[in-house]
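Let me begin by presenting the structure, written as C-alpha cells, before commenting on it.
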Amino acid sequence: MVKKKSMRTDVCPECGSTEIVVDERHGETICAKCGLVIDEKLVDTGQEWRAFDHDQRMKRERVGASLTYMRHDKGLSTLIGRSGYAELYKFEPEKRKQIIKLRRWHKQILSATERNLRFALSELDRIASYLDLPRNIREEAAMIYRKAVEKGLVRGRSMESVVAAAIYAACRQHDAPRTLDEIAEASGIKKREIGRTYRFLTKELGLKLLPTSPIDYVPRFASALGLSGEVQAKAIQILKEAMKKELTAGRGPTGVAAAAIYIAATLCGERRTQREIAEITRVTEVTIRNRYKELIEKLGLEVEEEGEKTERKGVDILH
DNA sequence: AAGACGAAAGTGGTTGA
DNA sequence: TCAACAACTTTCGTCTT
C-alpha cells in the first residue's frame with residue numbers, strides 16, 4: 001500500500017508542525033497538531049472489504065493497481081513549460097511569444113478537459129454508488145469513459161449518457177450485468193439512450209461484448225429476493241440445461257433468469273409469487289409465465305410442491 | 001382476496017429489401 | 001428508409017387456491 005507523500009506539505013502550512021497524519025478512512029491528509037486538512041485527494045488503494053456473499057466476495061477481490069482511473073488526472077498532471085520565465089529568455093523574442101501563447105493555450109485546454117473529466121467521474125461515482133458497484137467495475141467504467149473522451153466520442157451526445165453507457169459496458173465485461181432499467185433508474189437517462197450510446201461505444205472502442213447469460217443475473221436477483229444458495233444453484237442448473245436446448249436463444253436474459261428462479265424457488269419450497277419476482281427482475285409476470293411454460297415443457301419438468309418430497313419429479317436435471 | 005393464467009392489442013427495437 | 005417481425009409489455013377477464 002502506497003501512502004501518499006506530498007512533496008510540498010511535509011510541513012503544515014498553518015502551524016508548521018511536521019506531524020502529518022494520513023487518515024485513510026476519509027482519504028485525507030491531516031496535520032495532527034492543528035487539524036488542518038492538507039490534502040483530501042488521497043487515493044484509496046486498499047480493498048473494499050465489505051462483501052456479503054460469495055458473489056460479491058469474488059467480484060471485490062482484486063490485486064492492487066496503484067494508479068486509479070477514477071481520478072481525473074490519474075494523480076499526475078502535465079503542463080507545458082513548467083520552468084520559470086528565466087528559461088524563456090534563452091529564446092528569440094518571437095519564439096518566446098509563441099511559447100507563452102502555447103503555454104496559455106495548453107493550460108486552458110487542459111483545465112477545460114480536466115473540469116469535464118472531473119465532473120464526469122463524480123457523476124460516474126454517484127451512479128456506481130447507487131448501484132452498489134464494486135471498485136474494480138468502477139475503475140473499468142472510468143477507463144472506458146476516458147477512452148471515449150480520448151477518441152472524441154462524447155461529442156454530440158450528453159456526457160451523462162456516455163457515463164451511463166460506460167458503466168453498463170463495464171458491468172457486462174465483468175460478468176456482473178446490470179439491466180438497462182437499473183442503470184436508467186440510477187442515472188436518470190432513458191434506457192433507449194443508454195443502449196444506443198452503449199452500442200456506439202462498443203463499436204468505436206472495439207470492446208468485446210458477449211451476449212449476457214441469464215446465469216449472470218441469478219445471484220443478484222436471488223439474493224434480492226432473499227432466496228437461499230440452494231435455490232440459486234438449482235436455478236443455474238436449470239438455466240444450463242435450458243441453454244443446451246437453446247431455449248434461451250433470442251430471449252431476454254432477464255426473463256429467462258426470472259423464470260428459472262421462479263421454478264427453482266418453488267421446487268425448493270421457498271416459493272415467491274410471480275409478482276415479487278417480476279418486480280425485482282423488472283420483467284412482467286406475463287413474460288415470466290411464458291418462459292416458465294417453455295422451460296417446464298421443453299425440459300420435462302414437473303412442478304408440484306407438496307412439502308419436501310416432490311423435488312425430483314420428471315427428468316432429473318438436478319442429479 | 002390474492003395469485004396464477006392467458007388472450008389481445010400495443011410498444012420499441014432489429015432486420016432485410 | 002420503410003415494412004415486416006419477434007420479444008416483451010399492458011391491460012383485463014377468468015380460473016384457482
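Numbers restart at 1 for each chain; the letters A, B, ... are given by sequence-line order, proteins then strands.
Nucleic acid contact for A/Lys293: sugar-phosphate only, since backbone atoms but no base atoms lie under 4.0 Å from a heavy atom of the residue.
In this structure, the CD atom of A/Glu276 is 8 Å from the P atom of B/dG3, given to the nearest Å. Here B/dA4 presents its P atom at 12 Å from CZ of A/Arg272, a figure rounded to the nearest Å. Across the protein-nucleic acid pair, A/Glu246 atom CD and C/dA7 atom P stand 13 Å apart, rounded to whole Å. A/Lys190 has its NZ atom 11 Å from the P atom of B/dG13, to the nearest Å.
OP1 or OP2 of B/dT14 has at least one side-chain nitrogen or oxygen of A/Arg199 nearer than 4.0 Å. Phosphate proximity of B/dA4 to A/Tyr262: present, with a side-chain N or O under 4.0 Å from OP1 or OP2. In this structure, A/Arg192 does not reach the B/dG12 phosphate: none of its side-chain N or O atoms is under 4.0 Å from OP1 or OP2.
The side chain of A/Arg271 sits closest to B/dA4 out of B/dA4, B/dC5, B/dG12.
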Checklist entry - Base, backbone or nothing for each nucleotide of nucleotides 8-17 of chain C, written B, S, -, heavy atoms under 4.0 angstrom, 5' to 3'? => result SBBB------

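Under the 4.5 Å side-chain contact rule for hydrophobic residues, A/Ile296 and A/Val286 do not share a cluster.
Considering A/Asp216, A/Val218, A/Ile261 in turn, A/Val218 is the only one that fulfils the side chain to side chain contact (heavy atoms under 4.5 Å, CB included) rule with A/Leu239.
Interatomic distance, A/Gln173 CD to A/Ile137 CD1, rounded to the nearest 0.5 Å: 10.0 Å. To the nearest 0.5 Å, the span separating OG1 on A/Thr197 from CD on A/Glu160 amounts to 11.0 Å.
A salt bridge is absent between A/Lys147 and A/Glu150; no separation between the charged side-chain nitrogens and carboxylate oxygens falls under 4.0 Å.
A donor-acceptor contact closer than 3.5 angstrom links the side chains of A/Tyr168 and A/Arg172.
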